[in-house]
Novice: 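Here it is, the structure in full.
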Protein chains: 2
Amino acid sequence: MSPTPRSGLGTNQEAVRRHNLGTLLRHVHQRGNSSRAELTKGMGLNRSTIAGLVAELESLGAVSHAEAVGTSRGAGRPSAGVRIAPDGPFVVAVDLGVDRVIVARVGLGGSVLQRAETIVAGSEAWQVGSTVAGLVREVVADAPTTSPMVGVGISVPGMVRRTDGLIRLAPNLDWHDVSFGGIVLAALGVDVPVSLANDADLGALSEHERGAGVGVSDLIYISGNVGVGAGVISGGHRLEGAGGYAGEIGHLRFNPAGRPCHCGNLGCWETEVGAHAIADAIRCPADKVPQLDEVLDGYAKAPRELRGIGSAIGQGLASIVNVFNPQVVVMGGYFDAMYRLVRAEIDQGLADRALPAAFESVSLAAPALGRDSVLLGAAEMAFEPLFIDPVTALGSAIQDVRARLAG
Amino acid sequence: MSPTPRSGLGTNQEAVRRHNLGTLLRHVHQRGNSSRAELTKGMGLNRSTIAGLVAELESLGAVSHAEAVGTSRGAGRPSAGVRIAPDGPFVVAVDLGVDRVIVARVGLGGSVLQRAETIVAGSEAWQVGSTVAGLVREVVADAPTTSPMVGVGISVPGMVRRTDGLIRLAPNLDWHDVSFGGIVLAALGVDVPVSLANDADLGALSEHERGAGVGVSDLIYISGNVGVGAGVISGGHRLEGAGGYAGEIGHLRFNPAGRPCHCGNLGCWETEVGAHAIADAIRCPADKVPQLDEVLDGYAKAPRELRGIGSAIGQGLASIVNVFNPQVVVMGGYFDAMYRLVRAEIDQGLADRALPAAFESVSLAAPALGRDSVLLGAAEMAFEPLFIDPVTALGSAIQDVRARLAG
DNA sequence: CCTCATTTGTTGTCTGAGTGAACGCTCATC
DNA sequence: GATGAGCGTTCACTCAGACAACAAATGAGG
């Protein structure tokens, strides 16, 4: 009904079909299995049009027919079910952490079909790329040969250039200007669409799509890994920035009389609420900092030392809330644990410092997808081309992945 | 070619026509007078389709034919000109300042056809509404009777709720929860679409459309009025936030050991770089604070007292650049003058504190539309429905405005 | 001055996507 | 078991945009 005003391009009817096909598939992806009646209402199109679209997606192998699915509610002939095809398209999601890598095969609907995880040994990019390639081979091992692989989505704890996916800087991996997508592809020996993005951005994406922010068009995912970052969804769109580096909230000025930050400034927010600051406060050894979330989970009650940090989190969030006016702030990474432990301090800090208009409509939330937010966000990103143009995306997807990744 | 993925709705061919008609008109609005050949290239549609669209817009009275417009460049038959109709649709833009109101009648292409301005006497909302209504009557006095008025756009120095245009808080007018749109309509005695928004947001809009940020999809307009705010365009979209209050950068935490801010906190950025801080530094009397930009224009060279403020501006901008990663930052309001005076300090402060990745792609710019940025942004906002659906917008526009506003 | 290539406007036909109405199927309700 | 409601299916219809052919208007070159 409302095509983008910004592209400046006109719409022809080929584009209409693409859009409707993609939108239909997106609906199925979001709701999981659905029915044609639901889709008719959801898309505002005619019954017969929906029938045609579903038929085309069936012939593409993306969805399959299901007789009279679920419990019928009310009178009338039950609507035909539209099910995600069991041997339908999938993506591979990669969550690149500071000390471990998680790889998963994810189907439509966001279901994790297979997963593999390992500790990262060497920190050289090519080593990690080789490790990832091995895990990818693992997770596609049981994929039906008829299932096409649409793409690979990779989450990176650092800044990713949006034009080409170059990793500009991943401080905790000590990577600079690494073309990790190319490295992984080379290690796999195939050519598939690979997309990379910042971990916080992807956390926001998945929580928006199927987590704590469903139906919320303005949300922020605060990522607490070793560094502090944010993914922002505003008006339903990802906030990317000119280069793709938007959301670097860790380096907001917080206390100019504070400690030096690795970025060169004094008293960035990250120096007060980052993993190292928290670890110092609770005397957690430095080598356990990457698992800070698990360490914090070990506490039943908040040690006194964390209270001040809780206030600092709340006060920093206030700036963020003032600037972005989100409806939901999802506390990702170790912020989830922190919010459980020092909720009162965080809430108080936020209430004290946020502007009333922005404060009244915001709420803090735990990630509904738990620790899989970022992983599932990588999957969402990889699926995206499928919802823009299913025919093209499935055309460029690779078939019989198992065989082609054998080497 | 690429309809919005977010709306979730399907596209039917009625919507296609609406979109193409609107997009075509938007092109004409942006480029000013154009030619059918240009539009064919710009929209990626067929020649004959463009011809049909132009014909429909002509019959709607929005554009008119022009034979062989401009200088022909190269061989071939010269393309028919598509001109903005002289008696075409217009909007009324209102720039509500702290101490004055500017009202203008603005035509397609962003041309100011008539303008009126006055000092605001009383600060009661109904008084201001009455004043505005009077100015509106002035600026439509010479409008052709066949020219339809599409709507009224009002810029407000404060927070505007996006759902209904309620002014939640305009600190420098001392307004709380004022339905100013309704007040103006009541004073005018007609019913036209009225839209309100924050001044900084509108500055960003116009600078993006036809100012220093043409072709730039990520820009920030820093508004220096009495308060400090920002309008953000990201990925070509306005950043609004859940309630419409996004961009309140004046209350970013800057110096927790600093002066108290009217918002209740200590050391907000605004307390260091706001109009009152600058006025104090240069010993400008308090009653001249609303005209601080003009006061600053009186300086040929920066007094020493402004240098520290320049650094604070630069350092604060660094936080903003880190968070939004814009390509252009437009220095609106008195920041324009400040940038002329203490450019070195601002640049230095920004360079010192911004992250390299974000810093390398950003540039600061003066508002290309001068002091009309905000006013023209209000016009752009009011025109927006016309580019979404010209037929409907012109249908609900009011004809023969002069007569109907006579009372 | 004439011819040619080039670009665009104009016209009529065609394609294809979504619509809408008629009809039949399947359910819940009484 | 009759009835109504909701849905799938089919087919004719509408209409927006594409496409091809032709006409018109320019600049370049001889």
Side-chain angles (χ1 to χ4, degrees), chain A residues 1-3 9-24 34-60 63-83 389-391, chain B residues 1-3 9-24 34-60 63-83 389-391:
Chain A
M1 281 299 203
S2 61
L9 285 165
T11 306
N12 54 25
Q13 66 188 350
E14 193 187 330
V16 169
R17 186 67 170 182
R18 262 205 302 270
H19 173 240
N20 286 346
L21 224 41
T23 304
L24 178 48
S34 183
S35 73
R36 273 159 51 177
E38 277 180 24
L39 293 166
T40 302
K41 273 185 196 137
M43 291 183 59
L45 297 179
N46 195 286
R47 282 212 298 268
S48 42
T49 307
I50 296 292
L53 292 168
V54 169
E56 185 164 349
L57 286 179
E58 276 181 26
S59 79
L60 287 171
V63 302
S64 63
H65 197 76
E67 286 296 342
V69 73
T71 58
S72 45
R73 59 226 154 280
R77 176 176 175 174
S79 186
V82 178
R83 203 176 29 162
D389 182 357
V391 178
Chain B
M1 284 298 204
S2 61
L9 286 164
T11 306
N12 54 24
Q13 63 189 350
E14 193 186 332
V16 169
R17 186 66 172 183
R18 264 205 302 271
H19 172 240
N20 286 346
L21 225 41
T23 304
L24 178 48
S34 184
S35 72
R36 276 165 42 184
E38 277 180 25
L39 294 166
T40 301
K41 275 186 194 134
M43 292 184 60
L45 297 179
N46 195 283
R47 283 210 301 267
S48 47
T49 306
I50 296 292
L53 292 168
V54 169
E56 185 164 348
L57 286 179
E58 275 181 27
S59 78
L60 287 170
V63 303
S64 63
H65 196 78
E67 286 296 342
V69 73
T71 59
S72 45
R73 58 226 155 281
R77 175 176 175 171
S79 187
V82 178
R83 203 178 28 167
D389 183 357
V391 177

Novice: I want to check one thing: is the phosphate of dG20(C), taken as OP1 and OP2, less than 4.0 Å away from some side-chain N or O of R47(A)?
Specialist: no
Novice: Output yes when at least one side-chain N/O atom of N12(B) is less than 4.0 Å from OP1 or OP2 of dA17(C), else no.
Specialist: no
Novice: Would you say a side-chain N or O of N20(A) is under 4.0 Å from OP1 or OP2 of dG18(C)?
Specialist: yes
Novice: Heavy atoms from C-beta onward define the side chain here; which of dG17(D), dG24(C), dA25(D) lies closest to that of L53(B)?
Specialist: dG17(D)
Novice: Which one, dT14(D), dT19(C), dG8(D), comes nearest to the side chain of T49(A)?
Specialist: dT19(C)
Novice: Measure from CD on E14(B) to P on dG18(C) and round the result to the nearest Å.
Specialist: 14 Å
Novice: To the nearest Å, give me how far apart CD (E56(A)) and C1' (dG18(C)) are.
Specialist: 14 Å
Novice: Rounding to an integer number of Å, can you tell me how far L45(A) CG sits from dC7(D) P?
Specialist: 15 Å
Novice: Side-chain N or O of R17(B) less than 4.0 angstrom from OP1 or OP2 on dG17(D)?
Specialist: yes
Novice: How many whole angstroms separate atom NE2 of H19(A) from atom C1' of dG17(D)?
Specialist: 18 Å
Novice: Think R36(B) has a side-chain N or O under 4.0 angstrom from the OP1 or OP2 of dT8(C)?
Specialist: no
Novice: Report the distance from atom CG of L39(A) to atom P of dG18(C), rounded to the nearest whole Å.
Specialist: 14 Å
Novice: At under 4.0 Å between heavy atoms, what does S48(A) touch on the DNA or RNA strands: base, sugar-phosphate, or nothing?
Specialist: base
Novice: Under 4.0 Å between any heavy atoms, over every strand shown, what does A51(B) touch: base, sugar-phosphate, or nothing? Just pick one.
Specialist: nothing
